[in-house]
Amino acid sequence: MRFNHPPSLEDLQDMAETAFAAIPQELREAVKGVAILVEEVPDEETLEALDLQHPWELTGLYRGTPLTEKTSLGVPAEPDMILLYREPILVEWIETGEDLFRLVRNVLIHEIGHHFGFSDDEITRLENEG
């Protein structure tokens, strides 16, 4: 994918949906019902909660209860969702020269890994498989 302008929220949403469709079916089914949203930057509340100084420090976030912590009796406080942040992703894309689709895919896989409670090593292995 080549761009003559900065990719929009919709462009990144399309990439995230394409990347999601390409991950193994059993993984897709396991995260069925998890919303995938693209926003410009993380909000101030999120930055404060994660002790981050600048919104460009966070490319994605999993919000919800990881599968490893869910119980059959528990009622989730909020729906599970994966947030991808457009501006930080574009900054990383420019700084690293990484293929933008691959970068969006890796952020998405990283956040899906958090849904499953995977370790950072397990997440890195998944990111490198594609």
**Q** With rounding to the nearest 0.5 Å, note down the distance linking CD in E48 to CD in Q53.
**A** 10.0 Å
**Q** Give the minimum heavy-atom separation between L108 and A16, together with the two atoms involved.
**A** CD2-O, 3.5 Å
**Q** Mind running side-chain contact (heavy atoms from CB on, under 4.5 Å) on L61 and L50 for me, showing each step along the way?
**A** CA-CA 10 Å; L61 180 67; L50 297 172; 4.1 Å; yes
**Q** Please say yes or no: joined through hydrophobic side-chain contacts below 4.5 Å, possibly via intermediate residues, are W56 and L84 part of one cluster?
**A** no
**Q** Calculate, to the nearest 0.5 Å, the distance between atoms OG1 and CD belonging to T46 and E39 respectively.
**A** 8.0 Å
**Q** Apply side-chain contact (heavy atoms from CB on, under 4.5 Å) to L9 and list each qualifying residue two or more places apart in sequence or on a separate chain.
**A** V38, E40, R86
**Q** Determine the sole option in I89, D14, L12 for which the side chain to side chain contact (heavy atoms under 4.5 Å, CB included) test with P7 is passed.
**A** L12
**Q** Quick check for you: to the nearest 0.5 Å, what is the distance between R102 atom CZ and L100 atom CG?
**A** 12.5 Å
**Q** Return the minimal non-hydrogen interatomic distance between P55 and P88, and the atom names on each side.
**A** O-CG, 3.2 Å
**Q** When rounded to the nearest 0.5 angstrom, what is the spacing between CG in N106 and CD in E98?
**A** 6.5 Å
**Q** Say whether Y85 and L52 are linked into one hydrophobic cluster, either directly or through other cluster members, by side-chain heavy-atom distances under 4.5 angstrom.
**A** yes
**Q** Which heavy atom in D99 sits nearest to a heavy atom in W93, and how many Å separate them?
**A** C-CD1, 4.3 Å
**Q** What distance separates T18 OG1 from R105 CZ, expressed to the nearest 0.5 Å?
**A** 12.5 Å
**Q** Roughly how far, to the nearest 0.5 Å, is CD1 of I82 from CD1 of I112?
**A** 4.5 Å
**Q** With hydrophobic residues grouped by side-chain heavy-atom distances under 4.5 Å, do M15 and V34 end up in a single group?
**A** yes
**Q** Is there a continuous path of hydrophobic side-chain contacts, each under 4.5 Å between heavy atoms, that joins L90 to L58?
**A** no
**Q** Is there a side-chain contact between Y62 and D80, using heavy atoms and a 4.5 Å cut-off?
**A** yes
**Q** Which atom names give the shortest non-hydrogen contact between Q13 and I36, and what distance separates them?
**A** NE2-O, 3.0 Å
**Q** In the structure I gave you, are the side-chain heavy atoms of E111 and V31 within less than 4.5 Å of one another anywhere?
**A** no
